[in-house]
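Here the structure is laid out as structure tokens; the discussion comes afterwards.
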Amino acid sequence: QVQLVESGGGLVQAGGSLTLSCAASGSISNSAMGWHRQAPGRQRMLVATISTGGSTNYVDSVKGRFTISRDNAKNTVYLQMNSLKPEDTAVYYCFGYSWYVWGQGTQVTVSS
């Protein structure tokens, strides 16, 4: 079973940037991948997805600010987050569609 480990979260001021990484224990080349987030007291929601061919989709609230990418050679998926807002504060989770596997999450906190 593939395992996913997120990293790169932290505390940043509004307007700042962070890059999250999701490292897989096995090959991701045949799996669509996604990033989700869960804010306190709210349901986990989809943020971005990337297909095996590199096609991407984003929730409207992050379009133009976030970029999802993948490096199959490194078995890693990234989420570049720019122009961060306090409402982006959440635990961010990586998801592997082929295995229905979640990572443990990484906390992102954006201060105003």
Under a 4.5 Å side-chain heavy-atom rule over Ile, Leu, Val, Met, Phe, Trp and Tyr, are V5 and L79 clustered together? no

Scan side-chain atoms only and decide if Q107 and T109 contain a donor-acceptor pair under the 3.5 Å cut-off. yes

Quick check on the hydrophobic clustering: are Y93 and M33 connected, directly or via other members, by side-chain heavy-atom contacts under 4.5 Å? no

I need the minimum non-hydrogen distance between G34 and I68, along with the two atoms involved. CA-CD1, 4.4 Å

Check whether any side-chain heavy atom of T89 sits under 4.5 Å from a side-chain heavy atom of V108, and report yes or no. no

Tell me, do I28 and V77 make a side-chain contact under 4.5 Å, heavy atoms counted? yes

Is there a side-chain contact between C22 and Y78 (heavy atoms, below 4.5 Å)? no

Value for OG (S111) from CG (L11), rounded to nearest 0.5 Å, stands at 5.0 Å

If hydrophobic clusters are built from ILVMFWY residues whose side chains come within less than 4.5 Å, do Y92 and V110 share one? yes

Please list, chain by chain and in numerical order, all residues satisfying ring pair (Phe, Tyr, Trp, His ring centres under 6.0 Å) with F95, sequence neighbours excluded. H36, Y97, Y100, W102

Within a strict 4.5 Å, meaning less than it, do heavy atoms of the L20 and T106 side chains meet? yes

If we count only N and O atoms by modelled type, under 3.5 Å, do the side chains of T76 and D71 hold a donor and an acceptor together? no

Are any non-hydrogen side-chain atoms of R37 and R44 less than 4.5 angstrom apart? no

Is the shortest side-chain N to carboxylate O distance from D60 to K63 below 4.0 Å? yes

Pairing donors with acceptors under 3.5 angstrom, does anything connect the side chains of Q80 and T19? yes

Compare every heavy atom of L4 with every heavy atom of V101, then report the nearest pair and how far apart it is. O-CD1, 3.4 Å

Can any side-chain N or O of S31 pair as donor or acceptor with the backbone N or O of S98 at less than 3.5 Å? yes

Evaluate the side-chain proximity of Y58 to V47: yes if any heavy-atom separation is below 4.5 Å, no if none is. no

Can you find a pair of side-chain heavy atoms, one from N75 and one from N72, that are under 4.5 Å apart? no

Are there more than 12 heavy atoms of other residues, nucleotides or ligands under 6.0 Å from atom CD of Q38? yes

Quick check for you: to the nearest 0.5 Å, what is the distance between S61 atom OG and K85 atom NZ? 8.0 Å

Quick check: closest heavy atoms across A32 and S51, and the distance to 0.1 Å? CB-CA, 4.2 Å

Are M45 and L84 in one and the same hydrophobic cluster, where Ile, Leu, Val, Met, Phe, Trp and Tyr link if side-chain heavy atoms are under 4.5 Å apart? yes

Hey, does the side chain of E6 reach the backbone of Q104 with a donor-acceptor pair shorter than 3.5 angstrom? yes

